[in-house]
Amino acid sequence: MLIDAHCHLDLAAFDDDRDEVISNAKAVGVDHFVIPATTRAGWSNVLALGSRGDISVCVGLHPYFISEHREQDLAALEQLIIQLLAHRRVVAVGECGVDGRFKDTLDKQWHYFDAQLNLAKQYELPVVIHCVNANDQVGKRLRQLVLPRGGLIHAFSGSYEQAEAFLKLGYTLGLGGAVTYERAQRLRRVVARLPDDSFVLETDSPDMPLCGFQGQRNEPGRVAKVCEVVAALRHQSAEEVAALSSANAVRLFNLAIE
Ligand SMILES: [Zn+2]
(Lines give C-alpha, C1' and ligand atoms only; values in the text may rest on other atoms or scores of the structure.)
Protein backbone atom coordinates (compact mmCIF):
# COMPACT_ATOMS: atom_id res chain seq x y z
CA MET A 1 0.00 0.00 0.00
CA LEU A 2 1.08 3.55 -0.77
CA ILE A 3 -0.22 6.79 0.73
CA ASP A 4 -0.03 10.17 -0.99
CA ALA A 5 0.67 12.15 2.17
CA HIS A 6 0.10 15.54 0.52
CA CYS A 7 -2.11 16.19 -2.50
CA HIS A 8 -4.65 18.87 -3.38
CA LEU A 9 -7.40 16.71 -4.87
CA ASP A 10 -9.95 19.36 -3.85
CA LEU A 11 -8.70 21.90 -6.38
CA ALA A 12 -10.55 22.78 -9.59
CA ALA A 13 -7.84 21.06 -11.66
CA PHE A 14 -9.55 17.78 -10.70
CA ASP A 15 -13.18 18.85 -11.06
CA ASP A 16 -13.71 17.06 -14.37
CA ASP A 17 -12.23 13.68 -13.51
CA ARG A 18 -11.59 13.43 -9.75
CA ASP A 19 -13.02 9.90 -9.37
CA GLU A 20 -11.02 8.67 -12.34
CA VAL A 21 -7.81 10.19 -10.94
CA ILE A 22 -8.47 8.41 -7.63
CA SER A 23 -9.17 5.07 -9.30
CA ASN A 24 -6.06 5.43 -11.50
CA ALA A 25 -4.05 5.98 -8.32
CA LYS A 26 -5.60 2.91 -6.71
CA ALA A 27 -4.73 0.86 -9.79
CA VAL A 28 -1.04 1.47 -9.04
CA GLY A 29 -1.39 0.80 -5.30
CA VAL A 30 -2.03 4.28 -3.89
CA ASP A 31 -4.89 3.65 -1.48
CA HIS A 32 -5.04 6.66 0.80
CA PHE A 33 -4.75 10.40 0.30
CA VAL A 34 -4.10 13.26 2.73
CA ILE A 35 -5.51 16.58 1.54
CA PRO A 36 -4.32 19.84 3.10
CA ALA A 37 -6.48 22.94 2.74
CA THR A 38 -5.39 26.22 1.16
CA THR A 39 -7.99 28.96 1.78
CA ARG A 40 -11.09 29.48 3.91
CA ALA A 41 -13.19 29.48 0.75
CA GLY A 42 -11.83 26.03 -0.05
CA TRP A 43 -12.44 24.38 3.35
CA SER A 44 -15.89 23.08 2.41
CA ASN A 45 -14.56 21.25 -0.68
CA VAL A 46 -11.78 19.66 1.35
CA LEU A 47 -14.21 18.59 4.07
CA ALA A 48 -16.63 17.14 1.53
CA LEU A 49 -13.85 14.89 0.23
CA GLY A 50 -12.94 13.99 3.80
CA SER A 51 -16.23 12.13 4.15
CA ARG A 52 -14.67 9.37 2.02
CA GLY A 53 -12.91 6.62 3.94
CA ASP A 54 -9.84 6.80 1.71
CA ILE A 55 -9.22 10.52 2.22
CA SER A 56 -7.99 12.33 5.33
CA VAL A 57 -8.03 16.10 5.57
CA CYS A 58 -6.18 19.01 7.15
CA VAL A 59 -7.53 22.55 7.59
CA GLY A 60 -5.47 25.70 7.33
CA LEU A 61 -4.44 28.80 5.39
CA HIS A 62 -1.67 28.40 2.78
CA PRO A 63 0.98 31.16 2.45
CA TYR A 64 0.72 31.09 -1.33
CA PHE A 65 -2.79 32.55 -1.04
CA ILE A 66 -1.84 35.18 1.54
CA SER A 67 -3.78 37.96 -0.22
CA GLU A 68 -7.03 36.01 0.29
CA HIS A 69 -6.65 35.49 4.04
CA ARG A 70 -8.42 37.78 6.52
CA GLU A 71 -7.77 38.14 10.23
CA GLN A 72 -11.19 36.65 11.09
CA ASP A 73 -10.28 33.50 9.14
CA LEU A 74 -8.04 32.51 12.07
CA ALA A 75 -10.95 32.56 14.53
CA ALA A 76 -13.05 30.65 11.99
CA LEU A 77 -10.24 28.11 11.65
CA GLU A 78 -10.14 27.57 15.41
CA GLN A 79 -13.92 27.03 15.55
CA LEU A 80 -13.71 24.58 12.65
CA ILE A 81 -10.90 22.63 14.34
CA ILE A 82 -12.97 22.33 17.52
CA GLN A 83 -15.98 21.05 15.56
CA LEU A 84 -13.94 18.59 13.49
CA LEU A 85 -11.98 17.24 16.44
CA ALA A 86 -15.22 16.28 18.14
CA HIS A 87 -15.80 13.83 15.28
CA ARG A 88 -12.15 12.97 14.55
CA ARG A 89 -12.55 14.48 11.10
CA VAL A 90 -9.26 16.39 10.87
CA VAL A 91 -5.73 14.94 10.96
CA ALA A 92 -3.60 18.12 10.96
CA VAL A 93 -3.46 21.91 10.77
CA GLY A 94 -2.31 23.11 7.35
CA GLU A 95 -1.14 23.72 4.85
CA CYS A 96 0.58 26.70 6.42
CA GLY A 97 4.07 28.12 6.38
CA VAL A 98 6.42 30.61 4.84
CA ASP A 99 7.46 31.05 1.22
CA GLY A 100 10.62 33.15 1.08
CA ARG A 101 10.14 33.78 -2.64
CA PHE A 102 7.39 36.27 -1.82
CA LYS A 103 9.40 38.81 0.13
CA ASP A 104 6.77 41.58 0.10
CA THR A 105 4.35 39.57 2.21
CA LEU A 106 6.75 37.88 4.64
CA ASP A 107 5.45 39.70 7.74
CA LYS A 108 1.88 38.72 6.94
CA GLN A 109 2.94 35.16 6.13
CA TRP A 110 4.66 34.80 9.52
CA HIS A 111 1.59 36.19 11.27
CA TYR A 112 -0.70 33.50 9.80
CA PHE A 113 1.92 30.79 10.22
CA ASP A 114 2.52 31.58 13.89
CA ALA A 115 -1.20 31.65 14.59
CA GLN A 116 -1.63 28.21 12.99
CA LEU A 117 1.38 26.76 14.81
CA ASN A 118 -0.24 27.89 18.03
CA LEU A 119 -3.53 26.22 17.06
CA ALA A 120 -1.65 22.98 16.34
CA LYS A 121 -0.01 23.24 19.73
CA GLN A 122 -3.22 24.08 21.59
CA TYR A 123 -5.31 21.34 19.96
CA GLU A 124 -2.50 18.78 19.86
CA LEU A 125 -2.55 18.26 16.12
CA PRO A 126 0.38 17.79 13.77
CA VAL A 127 1.08 20.68 11.41
CA VAL A 128 1.64 20.53 7.63
CA ILE A 129 4.33 23.03 6.71
CA HIS A 130 5.08 24.67 3.38
CA CYS A 131 8.61 25.99 3.76
CA VAL A 132 10.44 27.50 0.78
CA ASN A 133 13.73 29.40 1.18
CA ALA A 134 13.05 29.55 4.92
CA ASN A 135 14.25 26.22 6.40
CA ASP A 136 16.50 27.75 9.05
CA GLN A 137 14.00 30.40 10.21
CA VAL A 138 11.17 27.86 10.35
CA GLY A 139 13.40 25.40 12.21
CA LYS A 140 14.19 28.10 14.75
CA ARG A 141 10.50 28.86 15.30
CA LEU A 142 9.63 25.17 15.71
CA ARG A 143 12.41 24.82 18.27
CA GLN A 144 10.95 27.73 20.26
CA LEU A 145 7.35 26.50 20.12
CA VAL A 146 7.72 22.75 20.80
CA LEU A 147 4.61 21.29 19.17
CA PRO A 148 3.44 18.10 20.88
CA ARG A 149 2.69 16.19 17.65
CA GLY A 150 5.36 17.65 15.35
CA GLY A 151 4.32 17.61 11.73
CA LEU A 152 5.22 17.32 8.07
CA ILE A 153 7.87 19.42 6.34
CA HIS A 154 6.17 19.06 2.99
CA ALA A 155 8.31 18.90 -0.19
CA PHE A 156 11.53 19.01 1.79
CA SER A 157 14.47 20.13 -0.35
CA GLY A 158 17.09 21.38 2.09
CA SER A 159 20.52 20.21 3.20
CA TYR A 160 21.25 17.19 5.38
CA GLU A 161 21.91 19.52 8.32
CA GLN A 162 18.49 21.12 7.84
CA ALA A 163 16.89 17.67 7.58
CA GLU A 164 18.60 16.60 10.80
CA ALA A 165 17.42 19.74 12.59
CA PHE A 166 13.78 19.03 11.65
CA LEU A 167 14.08 15.35 12.58
CA LYS A 168 15.56 16.20 15.97
CA LEU A 169 12.49 18.33 16.65
CA GLY A 170 10.22 15.37 15.82
CA TYR A 171 9.15 16.40 12.31
CA THR A 172 8.72 14.14 9.29
CA LEU A 173 10.01 15.04 5.82
CA GLY A 174 7.79 14.90 2.73
CA LEU A 175 9.52 13.57 -0.40
CA GLY A 176 7.91 14.27 -3.76
CA GLY A 177 8.58 15.01 -7.42
CA ALA A 178 11.77 16.99 -6.73
CA VAL A 179 13.68 13.77 -6.00
CA THR A 180 12.99 12.49 -9.53
CA TYR A 181 15.21 15.15 -11.11
CA GLU A 182 18.82 14.08 -11.57
CA ARG A 183 19.98 17.67 -11.15
CA ALA A 184 18.64 17.64 -7.56
CA GLN A 185 21.98 16.16 -6.45
CA ARG A 186 22.02 17.53 -2.91
CA LEU A 187 18.45 16.40 -2.18
CA ARG A 188 19.17 12.94 -3.63
CA ARG A 189 22.17 12.54 -1.35
CA VAL A 190 20.01 13.58 1.63
CA VAL A 191 17.30 11.05 0.68
CA ALA A 192 19.89 8.26 0.50
CA ARG A 193 20.96 8.93 4.12
CA LEU A 194 17.62 9.55 5.85
CA PRO A 195 16.56 7.22 8.66
CA ASP A 196 13.76 4.76 7.79
CA ASP A 197 11.26 6.46 10.11
CA SER A 198 11.86 10.01 8.88
CA PHE A 199 9.93 10.42 5.62
CA VAL A 200 6.61 10.10 3.84
CA LEU A 201 5.91 10.14 0.09
CA GLU A 202 3.75 12.80 -1.53
CA THR A 203 2.96 14.44 -4.86
CA ASP A 204 1.55 17.91 -4.07
CA SER A 205 -0.78 17.26 -7.03
CA PRO A 206 -1.75 19.08 -9.21
CA ASP A 207 1.59 20.89 -8.70
CA MET A 208 5.25 19.76 -8.73
CA PRO A 209 5.29 17.47 -11.79
CA LEU A 210 7.82 14.64 -11.81
CA CYS A 211 10.76 14.48 -14.18
CA GLY A 212 9.38 13.40 -17.56
CA PHE A 213 5.96 14.93 -16.87
CA GLN A 214 6.87 18.63 -16.91
CA GLY A 215 4.04 20.87 -18.02
CA GLN A 216 1.41 18.26 -17.12
CA ARG A 217 -0.99 18.13 -14.21
CA ASN A 218 0.53 16.04 -11.43
CA GLU A 219 -1.58 13.19 -10.03
CA PRO A 220 -1.53 11.12 -6.81
CA GLY A 221 -0.88 7.89 -8.77
CA ARG A 222 2.62 9.20 -9.48
CA VAL A 223 3.55 8.68 -5.84
CA ALA A 224 4.33 5.14 -7.05
CA LYS A 225 7.03 6.60 -9.29
CA VAL A 226 8.36 8.74 -6.41
CA CYS A 227 8.53 5.53 -4.38
CA GLU A 228 10.62 3.78 -7.06
CA VAL A 229 13.08 6.67 -7.26
CA VAL A 230 13.40 6.95 -3.46
CA ALA A 231 13.91 3.18 -3.24
CA ALA A 232 16.68 3.25 -5.85
CA LEU A 233 18.44 6.14 -4.08
CA ARG A 234 18.25 4.29 -0.75
CA HIS A 235 19.17 0.85 -2.12
CA GLN A 236 15.91 -0.53 -0.75
CA SER A 237 13.10 -2.29 -2.59
CA ALA A 238 10.05 -0.28 -3.66
CA GLU A 239 7.95 -2.57 -1.42
CA GLU A 240 10.11 -1.71 1.57
CA VAL A 241 9.92 2.04 0.92
CA ALA A 242 6.14 1.79 0.39
CA ALA A 243 5.73 -0.02 3.71
CA LEU A 244 8.02 2.36 5.60
CA SER A 245 6.51 5.56 4.21
CA SER A 246 2.95 4.32 4.76
CA ALA A 247 3.70 3.37 8.37
CA ASN A 248 5.31 6.79 8.87
CA ALA A 249 2.25 8.57 7.43
CA VAL A 250 -0.14 6.52 9.59
CA ARG A 251 1.90 7.36 12.69
CA LEU A 252 2.33 11.06 11.82
CA PHE A 253 -1.35 11.73 11.09
CA ASN A 254 -2.78 8.98 13.29
CA LEU A 255 -4.67 7.75 10.22
CA ALA A 256 -7.55 5.37 10.61
CA ILE A 257 -7.07 3.16 7.58
CA GLU A 258 -9.43 0.30 7.12
ZN1 LIG B 1 0.66 21.65 -0.96
Side-chain angles (χ1 to χ4, degrees), residues 2-26 28 30-52 54-69 73 77 80 84 89-99 101-102 109 112-113 116 125-132 151-157 172-180 200-210 213-226 245 249 252-253 255:
L2 280 162
I3 295 173
D4 188 347
H6 187 111
C7 55
H8 297 279
L9 275 171
D10 58 304
L11 296 185
F14 295 108
D15 280 353
D16 290 340
D17 59 353
R18 189 169 286 109
D19 288 342
E20 200 182 326
V21 166
I22 292 172
S23 48
N24 290 344
K26 291 193 170 178
V28 294
V30 187
D31 288 320
H32 200 86
F33 312 85
V34 179
I35 305 185
T38 51
T39 63
R40 183 179 180 177
W43 291 343
S44 59
N45 277 347
V46 171
L47 293 175
L49 285 168
S51 62
R52 296 174 55 122
D54 51 2
I55 289 179
S56 299
V57 302
C58 321
V59 286
L61 299 163
H62 192 303
Y64 192 83
F65 303 95
I66 197 74
S67 66
E68 294 181 37
H69 306 333
D73 295 351
L77 179 60
L80 181 63
L84 295 173
R89 285 186 56 214
V90 61
V91 297
V93 175
E95 176 169 1
C96 58
V98 174
D99 195 319
R101 292 173 297 181
F102 309 114
Q109 290 187 51
Y112 283 90
F113 183 37
Q116 292 177 86
L125 283 166
V127 65
V128 172
I129 298 178
H130 170 106
C131 177
V132 176
L152 173 65
I153 308 297
H154 138 70
F156 178 77
S157 67
T172 303
L173 307 176
L175 305 179
V179 305
T180 63
V200 296
L201 305 179
E202 55 167 55
T203 61
D204 204 22
S205 303
D207 297 324
M208 300 191 75
L210 277 65
F213 299 94
Q214 293 96 320
Q216 295 178 32
R217 178 183 71 173
N218 198 5
E219 297 185 7
R222 301 219 174 102
V223 88
K225 182 78 194 154
V226 174
S245 59
L252 168 63
F253 293 118
L255 299 177

Checklist line | Contact summary for Pro220 and Val21, nearest pair of heavy atoms | finding: CD-CG1, 3.6 Å
Notebook entry, point to check: Quick one: does Leu49's side chain get under 4.5 Å of Leu47's, heavy atoms only?
Noted result: no
Note to self: Going by the rule side-chain contact (heavy atoms from CB on, under 4.5 Å), which residues pair with Asp15 if we only count those two or more places apart in sequence or in a different chain?
What the structure shows: Ala12, Arg18
Next item on the list: For Phe65, enumerate each residue passing the ring-ring contact (aromatic ring centres under 6.0 Å, His included) test, keeping only those at least two apart in sequence or located in another chain.
Entry: His62
Next item on the list: Apply the test side chain to side chain contact (heavy atoms under 4.5 Å, CB included) to residues Leu255 and Ile3: give CA-CA distance (whole Å), side-chain angles for both, the deciding distance (0.1 Å), then the verdict.
Entry: CA-CA 11 Å; Leu255 299 177; Ile3 295 173; 4.1 Å; yes
Next item on the list: Could you pull out all residues at least two apart from Arg217 that satisfy side-chain hydrogen bond (donor to acceptor under 3.5 Å, both in side chains)?
Entry: Asp17, Glu219
Item checked: For Tyr64, all residues meeting ring-ring contact (aromatic ring centres under 6.0 Å, His included), sequence neighbours excluded -> Phe102
Next item on the list: Output all residues satisfying side-chain contact (heavy atoms from CB on, under 4.5 Å) with Thr172, sequence neighbours left out; order by chain, then residue number.
Entry: Val200, Leu252
Checklist line | Which residues share a side-chain contact (heavy atoms from CB on, under 4.5 Å) with Ala92, sequence neighbours left out | finding: Cys58, Pro126, Val128, Phe253
Next item on the list: Go through the structure and list residues passing ring-ring contact (aromatic ring centres under 6.0 Å, His included) with Phe113, not counting sequence neighbours.
Entry: Trp110
Show me the donor-acceptor pairs within less than 3.5 Å that the side chains of residues 31-38 make with the rest of the protein, sequence neighbours left out.
residue: His32; atom: ND1; partner: Asp54; partner atom: O; Å: 3.3
residue: His32; atom: NE2; partner: Ser56; partner atom: OG; Å: 2.8

Notebook entry, point to check: Is there a side-chain contact between Cys96 and Val127, using heavy atoms and a 4.5 Å cut-off?
Noted result: yes
Next item on the list: Output all residues satisfying side-chain hydrogen bond (donor to acceptor under 3.5 Å, both in side chains) with Ser245, sequence neighbours left out; order by chain, then residue number.
Entry: none
Note to self: Let's go through Phe213 and Asn218 carefully: what are the C-alpha distance in whole Å and the side-chain angles of both, what is the deciding distance for side chain to side chain contact (heavy atoms under 4.5 Å, CB included) to 0.1 Å, and is it a yes or a no?
What the structure shows: CA-CA 8 Å; Phe213 299 94; Asn218 198 5; over 6 Å; no
Next item on the list: Check whether the side chains of Asp4 and Thr203 place a donor and an acceptor atom closer than 3.5 Å, and report yes or no.
Entry: yes
Notebook entry, point to check: Hey, does the side chain of Trp43 reach the backbone of Gly60 with a donor-acceptor pair shorter than 3.5 angstrom?
Noted result: yes
Notebook entry, point to check: Does the side chain of Arg89 reach to within under 4.5 Å of the side chain of Val57, using non-hydrogen atoms?
Noted result: no
Margin query: For a quick test of reading the model, state the closest non-hydrogen atom pair linking Pro206 to Leu11 and the distance between them.
Written below: CD-CD1, 3.9 Å
Check: Can you tell me how far CG of Leu173 sits from CG of Leu152, rounded to the nearest 0.5 angstrom?
Finding: 8.0 Å
Notebook entry, point to check: Excluding sequence neighbours, so at least two apart, what forms side-chain hydrogen bond (donor to acceptor under 3.5 Å, both in side chains) with Asp204?
Noted result: His6, His8
Notebook entry, point to check: Do the side chain of Glu202 and the main chain of Ala155 share a donor and acceptor less than 3.5 angstrom apart?
Noted result: yes
Next item on the list: To the nearest 0.5 Å, tell me how far Leu84 CG sits from Leu125 CG.
Entry: 9.5 Å
Note to self: Test of understanding: with side-chain hydrogen bond (donor to acceptor under 3.5 Å, both in side chains), list the residues that count as partners of His130, not counting sequence neighbours.
What the structure shows: Glu95, Asp99
Note to self: Phe156: which residues meet the ring-ring contact (aromatic ring centres under 6.0 Å, His included) condition with it, sequence neighbours left out?
What the structure shows: none
Margin query: Would you compute the distance between atom SG of Cys131 and atom NE2 of His154 and round it to the nearest 0.5 angstrom?
Written below: 10.0 Å
Checklist line | Validation row: Ile22, Arg52 side chains within 4.5 angstrom (heavy atoms) | finding: yes
Note to self: Nearest 0.5 Å, please: how far is NZ in Lys225 from OG1 in Thr180?
What the structure shows: 8.0 Å
Note to self: With rounding to the nearest 0.5 angstrom, report the CG to CD distance, Leu210 to Gln216.
What the structure shows: 10.0 Å
Notebook entry, point to check: Rounded to the nearest 0.5 Å, what separation is found between the CZ atom of Phe14 and the CG atom of Asn45?
Noted result: 13.0 Å
